[in-house]
Amino acid sequence: MKKITLKKQSLHLVPKDESQFAIDYKNELNEAQYDAVTSIDGPALVIAGAGTGKTRTLTYRVARLIEMGIAPESILLLTFTRKAAREMLQRAAVLLDERTERVSGGTFHSFANRVLRQYGAVLEYGSNFTILDQGDAEDVINVLRTRMGLASKHKRFPKKQTLLKMYSASINTLTPLSQVIAADYPQFSEVEDAIHELVKGYIGYKRQNNAMDYDDLLVNLVSLLEKHEDIRRKLYSKYKYIMVDEYQDTNALQAKIVQLLGGEKGNVMVVGDDSQSIYAFRGANFRNIMDFPRQFAGAKTITLEENYRSTQPILDLTNRIIESAIEKYSKTLFTTRGEGETPMLIATEDENTQSRYIVQQVLELREEGIPLQEMAVLFRAGFQSFDLEIELTKANVPFRKFGGLKLMETAHIKDVIAHLRVVENPKDIISWTRILLLLDGVGPVTAERFTDEVLAGANPFSPASDSRLAQVASSAAITRMLELLRDIAREALGIGDKVQALLEYYHPILKDNYDDFQKRWRDLETLQTIAERYRSLSSFLTDMALEPPNESVEDISPESRDDEYLTLSTIHSAKGLEWHSVFVIHLLDGRFPLTSAAESTEAMEEERRLFYVACTRAKRRLFLTFPTTAYDRASGTILSKPSRFLDGIPEQLLDQYSVEED
């Protein structure tokens, strides 16, 4: 008699054909999505155009792999945020069952952490290594900076935040540190040797203290996979199906990890959109998604083109914008939704007219029943919304700004405004304290003695100030500051001229206090442009102060359904979001694209992709605006040419208007 044995069987029996699956994939997905979901073996590149259901495709593919009997533990889903991975797996669980919870999902950094905890010993790290967050890493660098005698007021040296940015850029782009300094921080070329020495000390400190920063997680995972074939094979055997979201945003290290884990012919599916590759400043490499078919032999390319977000007129325009890209995966977005309104291009006389037009249009849309929450104003750089913020505040339109600080939240703007406030109100002790502490050789004790004398009745603007204040103000820096303030206090001086004089005085202070002073200087030039519209210092300061504080209990408590606000956002911060009506402002050559982008073809192409991302955020209405003239203080030129990205767009794709005021 034959012996009978039992074999452990899963409760979830593998269906013999698709008709037995719990999910009707063919009917729930469009043709291209279904093609991607049913592509199982071998490498695959899914080019997912804006609004074409990228997340849905990944979610259904996870579910289908499991329904096919593939162990969830052998599926690796790599995303850029924990939230993205969690949402995909939660959606998959709703579609299927709890088996999706066993899928290995997370960010590149969290995956690296798990692997290094297990195998880090071969790199001479203990499994209990410490992870330094950004603040920790900056503090370590600052300690070393001080210990090496590099923190001195007499010699310019990068601050801790800048040093970490330099090092991180070098690591994530696989670029020598010397090249990063030459390209992005030329002002520190004289101290390059000292920077190299400090970085060497930072690396040694981490090794000595069994610590890694965020970048080390990726660096060490690559090292582990490259140098230890046995471990790489173990991971290759464990993770049989790898999926990567937003592949266009991967940096050189992340792409290397995907190649090492997947092998040349592994089951690797990457999903992304080359037309939305806009994070080069963070180290993202556009070449990763373009070169994927060459790096993975025999890779299948699937293009998702059916859009579920926008109307066809908006898609016709965005297709035309990206059509001019030099290098791309060709795609034409379309929708089965009904027709909509043609996007509008609006020319205004100047920047302030542009702001007032947008406020008026926002209010009109609101009256038509479109909630503020369904509207957004997008811009290339944070300073470009400053004028609009003032007009929105005047009109009592609530807004929130994302991607950059509001005008009055930036430290350098506060510094300049503080000088004007003491001219308007010599008893403003808070502002006096702020501007005094900006000066070399003036500390809290001296500042307090000075403000005590002011409170006691001393007049800082009188050359004949009593002897007590003169004694406190014996510092050459304080004397020079008081001379400037007395000069700009003259009533005959226009508000714009007052700000200009202040900026000339403040420029060396800005340069000494901020490593990114060039970027901050652009904000200050915008402040001067705004100031030139005012006739009195009082009204200017009043408008600057109208913005209510936003660090309040109300801002961190749950929003009620009545809490409406208009979104103001840089385009980088708006990626992945959508609104009923979208305004894209400052479409003027020099503002968008930025003047600096003309330095390289790659930079200009990324600006084009940024414009594409902005326009594809709109679901129903799209407004493109530009002032016909704007003065660029950085170059000393008048900007008057509409953005080059509008060149050659047929009139039927874009209704053109100019604003006329009653």
Side-chain angles (χ1 to χ4, degrees), residues 108-109 112-113 125 129-223 251-254 279-285 382 404-405 410-412 415 437-438 440 507-523 572 596:
F108 278 90
H109 291 84
N113 175 56
Y125 278 96
F129 62 81
T130 299
I131 297 178
L132 304 176
D133 63 20
Q134 183 175 327
D136 297 330
E138 289 175 356
D139 289 343
V140 170
I141 286 174
N142 204 41
V143 168
L144 295 172
R145 183 174 177 268
T146 304
R147 190 180 296 168
M148 294 170 67
L150 301 172
S152 169
K153 284 190 175 182
H154 306 292
K155 190 173 183 181
R156 185 72 191 278
F157 197 77
K159 292 180 170 53
K160 59 183 182 180
Q161 297 91 339
T162 306
L163 288 163
L164 185 61
K165 284 181 182 177
M166 289 179 183
Y167 173 67
S168 184
S170 171
I171 294 297
N172 284 294
T173 60
L174 298 182
T175 304
L177 182 59
S178 56
Q179 287 186 25
V180 172
I181 294 171
D184 301 325
Y185 305 92
Q187 68 269 35
F188 297 119
S189 57
E190 293 182 3
V191 292
E192 183 179 325
D193 290 343
I195 293 172
H196 279 281
E197 198 62 31
L198 186 145
V199 167
K200 184 178 176 182
Y202 174 57
I203 294 170
Y205 173 93
K206 291 183 291 182
R207 173 67 70 177
Q208 183 180 352
N209 290 276
N210 193 35
M212 299 186 201
D213 60 24
Y214 288 150
D215 295 330
D216 290 327
L217 293 171
L218 301 183
V219 170
N220 289 327
L221 178 56
V222 168
S223 180
N251 61 33
L253 282 171
Q254 290 160 333
Y279 293 116
F281 70 97
R282 292 183 190 167
N285 190 345
L405 293 171
T410 54
H412 48 297
D415 289 345
L437 293 178
L438 291 171
D440 280 342
H507 188 269
I509 297 175
L510 180 78
K511 196 171 180 180
D512 287 341
N513 282 278
Y514 303 102
D515 290 336
D516 60 345
F517 65 90
Q518 299 102 323
K519 180 180 176 182
R520 293 173 185 262
W521 184 250
R522 191 67 181 263
D523 294 348
H572 285 102
S596 58

| request: Check the pair Ile195, Tyr185 against side chain to side chain contact (heavy atoms under 4.5 Å, CB included), reporting the backbone distance first and the verdict last. | output: CA-CA 12 Å; Ile195 293 172; Tyr185 305 92; over 6 Å; no
| After noting the C-alpha distance and the side-chain angles of Asp215 and Tyr167, does the key distance pass the side-chain hydrogen bond (donor to acceptor under 3.5 Å, both in side chains) rule? | CA-CA 9 Å; Asp215 295 330; Tyr167 173 67; over 6 Å; no
| query | Is there a side chain to side chain contact (heavy atoms under 4.5 Å, CB included) between Val219 and Ile171 once you walk through the steps? | reply | CA-CA 8 Å; Val219 170; Ile171 294 297; 3.3 Å; yes
| said: Run the side chain to side chain contact (heavy atoms under 4.5 Å, CB included) test on Leu218 and Val222 for me, step by step, so that the C-alpha distance in whole Å, both residues' side-chain angles and the decisive distance to 0.1 Å come before the verdict. | reply: CA-CA 6 Å; Leu218 301 183; Val222 168; 5.6 Å; no
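By the 6.0 Å contact criterion, OH on Tyr514 is enclosed, its count of non-hydrogen atoms from other residues, nucleotides or ligands being greater than 12. By the neighbour-count criterion of 12 heavy atoms within 6.0 Å, atom CZ of Arg207 is densely surrounded, having more than that number from other residues, nucleotides or ligands.
The backbone N or O of Asn251 lies less than 3.5 Å from a partner atom in the side chain of Gln254, making a donor-acceptor pair. The closest donor-acceptor contact from the side chain of Asp216 to the backbone of Asp213 lies under 3.5 Å. Using a distance-only test at 3.5 Å, with no hydrogens or angles considered, a donor-acceptor pair links the side chain of Arg145 to the main chain of Pro158.
Taking all atoms of both residues into account, the shortest heavy-atom contact from His109 to Leu217 is O-CD1, 3.9 Å. In plain terms, the two heavy atoms of Ala194 and Met148 that are nearest each other are O-CE, 4.5 Å. The shortest non-hydrogen separation linking Ser170 to Pro176 is OG-C, 3.9 Å.
Partners of Thr173 according to the side chain to side chain contact (heavy atoms under 4.5 Å, CB included) rule, which considers only residues two or more places apart in sequence or in another chain, are Thr175.
Note: His572 and Tyr279 have tilted aromatic rings, judged against thresholds of 30 and 60 degrees for the angle between ring planes.
Note on residues 159-174: pairs passing salt bridge (charged side-chain N to carboxylate O under 4.0 Å, His left out), not counting sequence neighbours, are Asp139-Lys160.
The NE2 atom of His196 sits 5.0 Å away from atom CD1 of Ile181, with the distance rounded to the nearest 0.5 Å.
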